[in-house]
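Just below is one structure, and these are the notes that go with it.
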Amino acid sequence: MVELKTEGELDAMREAGRVVARALSAMRRSAAVGVSLRELDQVARDVLADHGATSPFLGYKPSFAPTPFPAVICASVNDAIVHAIPDSCRLVDGDVVSIDFGAVLDGWVGDSAVTFTVGTARPEDEKLIAATEQALAAGIAAAVVGARIGDIGHAVGTIGRAAGYGIPRNFGGHGVGHHMHEDPHVPNTGRPGRGMQLRPGLVIAIEPMFMAGGSDDYTVDPDGWALRTVDGTRAAHAEHTVAVTESGPRILTAL
């Protein structure tokens, strides 16, 4: 069931979104050559504690997962697309790092992701990240009253396909509210004018995921969580929680 939010509820979700934005900013500042992914997870935990928020990721166990998620961030490096568990691995020069993070504040969830490079960036990685961010912006711009879910997927997918990137099959965005994953599913490809019509108060996470190698296929790590490119090429992920309003899209997870 799709739940529409009131203006007051959107304001409450915005406060959860601010916590998410602050944590992502803090992790990006902390990420450097030699820093471990587990140390970035601790940065995020500290931000949650400072704001009296909790994590929707920690202990999350969907049907596909063999074990509950053990961290408050997903930290996906290089060929990892999404959902990687942060560990003791330390960042090296040129790594591409995708951080996905959520916060729960006063019963409302914010969910966002960012991809960046550590140290010296390769031009092809900068292009991949820029295209992913451009696709996110296009998807957000399509999230207007009267449009349809397919318009968002079409906006995102058009940019990825034009650049020759792969888009992981069956993965995309989702509704957000009292829970991290709510209806509707928001695909990263689609046909304009198709799917559920967007109404005021709908809140969705729009999250392009692009793979440099061009294939839509992926593998899953033995832990049942991390998705990886099949050819070892790099991936990028960008995400915002966005409200559909009469005055246009409202990004709830910006600083």
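Predicted, not measured: the structure shown is a model, and the values here were computed from it.
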query: Is Leu40 close to Phe101 at the side-chain level, that is, under 4.5 Å between some pair of heavy atoms?
result: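 A side-chain contact is absent here, since even the closest heavy-atom pair is not under 4.5 Å.
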Would you call the rings of Tyr60 and Trp225 parallel, tilted or perpendicular, taking 30° and 60° as the class edges?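 Rings of Tyr60 and Trp225: tilted, 30 to 60°.
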**Asked** With under 30° as parallel and over 60° as perpendicular, where do the rings of His83 and Phe64 fit, or are they tilted in between?
**Response**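 It falls in the parallel class, under 30°.
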Hey, does the side chain of Asp183 reach the backbone of Met1 with a donor-acceptor pair shorter than 3.5 angstrom?
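Side chain of Asp183 to backbone of Met1, a donor-acceptor pair under 3.5 Å: yes, one is there.
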When you measure from the side chain of Thr241 to the backbone of Asp111, do you find a donor-acceptor pair of N or O atoms at a distance under 3.5 Å?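 A pair under 3.5 Å: yes.
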* Do His51 and Arg18 have side-chain atoms, one donor and one acceptor, less than 3.5 Å apart? ->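 Arg18 and His51 do not have a side-chain donor-acceptor pair below 3.5 Å.
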Within the supplied structure, the quantity of interest is the number of heavy atoms (other residues, nucleotides, ligands) at a distance under 6.0 Å from [X] [atom1]; does it exceed 12?
{"X": "His179", "atom1": "NE2", "result": "no"}
{"X": "Arg161", "atom1": "CZ", "result": "yes"}
{"X": "Arg191", "atom1": "CZ", "result": "no"}

ask   = If you group Ile, Leu, Val, Met, Phe, Trp and Tyr by side-chain heavy-atom gaps below 4.5 Å, do Leu136 and Ile251 land in one group?
value =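 Yes, one cluster joins them.
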- prompt: Pro184 and Ile204: which non-hydrogen atoms are nearest, and at how many Å?
  reply: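 Looking at all heavy atoms of both residues, the shortest contact is CD-CG2, 4.1 Å.
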| task | Supply the atom-to-atom distance Ile99 CD1 to Arg28 CZ, rounded to the nearest 0.5 angstrom. | result |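 Ile99 CD1 to Arg28 CZ: 10.5 Å, rounded to 0.5 Å.
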